[in-house]
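Nothing fancy with the numbering, it's 1 onward along the sequence.
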Amino acid sequence: MTGPETMTGETMTGKQTMTGKQTMTGEQTMTGRTLVAGVGNVFQRDDAFGVEVVRLLAERPTTPGVQIRDFGIRGVHLAYDLLDGCDLFVLVDAAARGAEPGTVTVLEVEPKGAPADGGDPFAVPVIDAHSLAPDDIFALLASLGGRPGKSLVVACEPADTGAGMGLSEPVQAALPHAVRAVEDILREHRTEEKGD
């Protein structure tokens with residue numbers, strides 16, 4: 001992932017998932033809403049990772065205030081949905097980061113707001129509405145004036161994003177790890193809310 005947002009984190013293959021953090025300034029409005037969004041193209045093999053993870057999550061019981069949604073290739077719709085605000089945003093997607101295929105990484109991302117120097121907040125590159133990478137979604141959201149609360153990306157290293165349907169073997173094997181990572185994030189967020 002490249003672009004206006006920088007995501008850092010540590011990765012582990014298999015059953016373990018590590019997290020990384022960044023910081024941001026700016027104000028957010030607390031909404032009590034959590035959005036878990038899967039994105040990806042089901043016709044490009046491993047790019048369907050996010051879609052498959054949210055499909056599995058949707059089959060499980062959820063907590064009030066938590067929305068599990070498949071946005072597929074509709075990244076622009078996701079950005080507009082985020083304008084309604086949310087305290088926790090979890091984006092699930094395939095993302096090539098140079099790790100072993102099937103590696104699941106959890107990254108905390110704090111998107112930049114509009115330029116503080118008075119620069120043009122709409123000076124973002126022209127984007128393809130059907131192939132937004134996570135950093136493109138955050139850039140579009142910032143240009144629209146949106147700012148979710150805590151934002152996390154649950155990413156999986158793809159093996160094959162060529163034309164075709166069905167996940168590769170290592171990415172298919174990573175699905176339960178990603179589902180568990182999202183459930184752990186949601187559990188931790190509930191615990192933090194109760195502690196406040």
Side-chain angles (χ1 to χ4, degrees), residues 1-24 35-57 69-75 78-79 82 88-112 124-125 127-142 148 150-186 188-189:
M1 290 179 258
T2 59
E5 316 318 320
T6 303
M7 299 183 222
T8 60
E10 299 175 33
T11 60
M12 298 292 285
T13 57
K15 298 180 181 180
Q16 297 181 356
T17 305
M18 303 295 287
T19 61
K21 286 189 173 185
Q22 291 185 331
T23 58
M24 172 181 89
L35 176 62
V36 178
V39 295
N41 187 334
V42 297
F43 298 110
Q44 290 184 317
R45 303 265 317 183
D46 290 342
D47 195 51
F49 171 78
V51 173
E52 289 299 316
V53 171
V54 297
R55 181 186 62 78
L56 293 170
L57 286 165
R69 300 205 39 210
D70 170 7
F71 282 88
I73 59 172
R74 297 171 296 119
L78 171 55
L82 286 168
L88 174 63
F89 170 48
V90 182
L91 179 65
V92 187
D93 193 12
R97 298 177 42 81
E100 182 180 334
T103 301
V104 172
T105 307
V106 176
L107 306 161
E108 183 168 346
V109 177
E110 308 248 0
K112 298 174 185 174
V124 293
I127 52 179
D128 177 357
H130 294 291
S131 62
L132 294 180
D135 53 349
D136 296 325
I137 292 168
F138 288 115
L140 177 59
L141 182 62
K150 185 175 185 177
S151 299
L152 300 169
V153 176
V154 176
C156 182
E157 185 74 28
D160 179 3
T161 55
M165 294 184 72
L167 300 176
S168 66
E169 187 176 323
V171 173
Q172 181 72 37
L175 290 177
H177 306 302
V179 167
R180 192 165 37 254
V182 173
E183 290 176 333
D184 289 346
I185 290 165
L186 296 177
E188 182 179 318
H189 182 67

- Message: Ignoring hydrogens, what is the shortest heavy-atom contact between F89 and A37? Give both atom names and the distance.
- Response: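 Heavy-atom minimum between the residues: CE1-CB, 3.9 Å.
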
- Might you point out which heavy atoms bring P158 and A94 nearest each other, and give the distance in Å?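 The pair with the smallest heavy-atom distance is CB-CB, 4.4 Å.
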
Tell me which donor-acceptor pairs under 3.5 Å the side chains of residues 161-174 have, and how far apart each pair is, sequence neighbours excluded?
unit_1: S168; atom_1: OG; unit_2: D46; atom_2: OD1; d: 3.1
unit_1: S168; atom_1: OG; unit_2: D46; atom_2: OD2; d: 2.8

- Please assess L152 against V182 for the test side-chain contact (heavy atoms from CB on, under 4.5 Å), listing each intermediate value before the final yes or no. CA-CA 10 Å; L152 300 169; V182 173; over 6 Å; no

If you measure from [atom1] on [X] to [atom2] on [Y], what distance do you get to the nearest 0.5 Å?
| X | Y | atom1 | atom2 | result |
| --- | --- | --- | --- | --- |
| E100 | E157 | CD | CD | 9.5 Å |
| R45 | D160 | CZ | CG | 5.0 Å |
| L35 | S151 | CG | OG | 10.0 Å |
| E108 | I185 | CD | CD1 | 9.5 Å |

- Partners of E183 by salt bridge (Lys or Arg N to Asp or Glu O under 4.0 Å), sequence neighbours excluded?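 Partners of E183 under the salt bridge (Lys or Arg N to Asp or Glu O under 4.0 Å) test: R60.
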
- Task: Would you sort out whether V154 and V53 count as a side-chain contact (heavy atoms from CB on, under 4.5 Å), showing the intermediate values?
- Result: CA-CA 10 Å; V154 176; V53 171; over 6 Å; no

- Query: side-chain contact (heavy atoms from CB on, under 4.5 Å) with V39: which of D70, L91, I73, V51?
  - Reply: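 Only one of D70, L91, I73, V51 forms a side-chain contact (heavy atoms from CB on, under 4.5 Å) with V39, namely L91.
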
- Query: Can you tell if the side chain of V36 reaches within under 4.5 Å of the side chain of L186, non-hydrogen atoms only?
  - Reply: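 They are in side-chain contact.
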
- Message: Run the ring-ring contact (aromatic ring centres under 6.0 Å, His included) test against F71 and tell me which residues pass, sequence neighbours left out.
- Response: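 F71 satisfies ring-ring contact (aromatic ring centres under 6.0 Å, His included) with no other residue.
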
- Query: Given R180 and V104, is the side-chain contact (heavy atoms from CB on, under 4.5 Å) satisfied, shown in steps?
  - Reply: CA-CA 11 Å; R180 192 165 37 254; V104 172; over 6 Å; no

